Protein chains: 2
Amino acid sequence: MNVKTLCLGALTLGDASGYEIRKLFEEGSFAHFYDASYGSIYPALGQLLDEGLVSVTEMVQDRRPAKKIYHLTNDGLQVFKEALAERPVRDKLRSENIVRLFFAEYLTEDSLQAVFDGYLHDFKAMSERLRSIDRSCLTAGRAFTCGMGLASYESIAAYLETNRESFFRSVDAAIQVSASPDSHQKKDES
Amino acid sequence: MNVKTLCLGALTLGDASGYEIRKLFEEGSFAHFYDASYGSIYPALGQLLDEGLVSVTEMVQDRRPAKKIYHLTNDGLQVFKEALAERPVRDKLRSENIVRLFFAEYLTEDSLQAVFDGYLHDFKAMSERLRSIDRSCLTAGRAFTCGMGLASYESIAAYLETNRESFFRSVDAAIQVSASPDSHQKKDES
DNA sequence: GGGGCCATGTAACCCGTTACATGATTGA
DNA sequence: TCAATCATGTAACGGGTTACATGGCCCC
């Protein structure tokens, strides 16, 4: 799945400009399962236009830059449905935060705390955002994925909070041990 | 963070070949927060060798292709620590599965069920794998991230299972409504 | 006056995936 | 016999990010 397909999907929710689609990825309904930047969205919309999968209307605004409102065509909807019908690839998570928690013993205590608390803060913020959505006026799919995001964010936030103390204690303990003179597992290099 | 850095991290866990590092991403400790393929791992190891961040020993084996065992140098460990000290970027999830659940009404019932059950199966398998790990012999960071992965996978699997019925019911209901003759929100295209 | 938001777009670059190339051994 | 596992590597290609380029309005 690429940004072009995601743009088609975004337009099934209603006509939108490239700027508005970007917001959808950044803080809207797509935020918890995909990301895309202007540098990919604008070229994608241009290509979709060339292929006739979207149409565009220029909206000149008062006291605002002109907007290009994109609209999904029937062809575009068909192409989107076909793309959805393909078998999905495995979810891919890339978490630099988890990498840092995994290698906690190679960070200073300050760095580790910054990572930990920043990470916890992210999950709380995302939970908050999802919790504030009124799911009763959403389609089945949107409500379901919203609830799923909420369930996973809340469980991670809870895990982080309940295990914070013991985690820092055991990292500390490990660092004490490795700093003592009788434990040099790492030998000299060639 | 790139594959080169992750390879350095992998080697802090012990000497390994490119093939073994790949397994770490595929089914080992890294599997639930990063991914990388041979096409990125082998070139990465080659570059790290040029830069003196790893050393290599060729192991000729009986009845097996020769192995190149890579070993982290002191320089490599330093570089890895410095990379970890940088501020992590936001976690990035790319989930084609969630995209499909989000747009459930554009899938056939069969496709949707295949996606749903495949997704649930993935989470159960990953939970199973993490649950089978004996955390008592892991470092603090590894045990903690293992527990975190388990908490999130289990909560998602539970969410999927408990909401399966009602989800399919409401998707069905929506499709019935949109198929009835008096609901054509989507108008003709230019 | 300065930062942030609105708004679009391009180009260079990075990086990783996919597919290809090779080949032996082991177990069903 | 056929698939899977072990084992390394390259090259073409795709795709997205970052940074650059531009500019006005609004609020503090």
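What you are looking at is a predicted structure, and each value in this text was computed from that prediction instead of being measured. Atoms considered below: every heavy atom in the structure, side chains included; atoms not considered: hydrogens, waters and symmetry mates.
- In this structure, the side chain of Arg94(A) engages the main chain of Asp35(B) through a donor-acceptor pair within 3.5 Å.
- Aromatic ring centroids of Phe103(A) and Phe80(B) lie under 6.0 Å apart.
- Following rounding to the nearest Å, Tyr42(A) (OH) and dG16(D) (C1') show an atom-to-atom distance of 16 Å.
- Rounded to whole Å, the distance from CZ on Arg22(A) to P on dT8(C) is 13 Å.
- Straight-line distance from the CE atom of Met59(A) to the P atom of dT8(C): 11 Å, rounded to whole Å.
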Could you write nucleotides 12-18 of chain C as a row of B, S and -, 5' to 3', where a protein heavy atom under 4.0 Å of any base atom gives B, of only sugar-phosphate atoms gives S, and otherwise -? ----SBB
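- Within the 3.5 Å criterion, the main-chain N or O of Met1(B) finds a donor-acceptor partner in the side chain of Glu96(A).
- Listed candidates were dT10(D), dG9(C), dT8(D). Nearest to the side chain of Pro43(B) is dT10(D).
- Residues Ala16(B) and Ile21(B) come closest through the heavy atom pair CB-CG1, 4.1 Å.
- Put simply, NZ on Lys23(A) is 11 Å from C1' on dA7(C), counting in whole angstrom units.
- One interatomic measurement links the two molecules: CZ of Phe25(A) to P of dG15(D), which rounds to 15 Å at whole-angstrom precision.
- Here Glu154(A) pairs with Arg131(A) in a salt bridge; the nearest charged N to carboxylate O distance falls below 4.0 Å.
- Gln47(B) places its CD atom 11 Å from the P atom of dT10(D), with the value rounded to the nearest Å.
- At the phosphate of dC6(D), OP1 or OP2 sits under 4.0 Å from a side-chain N or O atom of Tyr19(B).
- In this structure, Tyr70(A) reaches the sugar-phosphate backbone alone: every heavy-atom distance under 4.0 Å involves primed, P, OP1 or OP2 atoms, never a base.
- Atom CD of Glu96(A) and atom C1' of dT17(D) are 14 Å apart (whole Å).
- Between Ile21(A) atom CD1 and dG16(D) atom P the separation is 14 Å, expressed in whole Å.
- A search for side chain to side chain donor-acceptor pair (under 3.5 Å) contacts involving Arg164(B) returns Asp117(B), not counting sequence neighbours.
- The ring of Phe144(B) has its center no closer than 6.0 angstrom to the ring center of Phe102(A).
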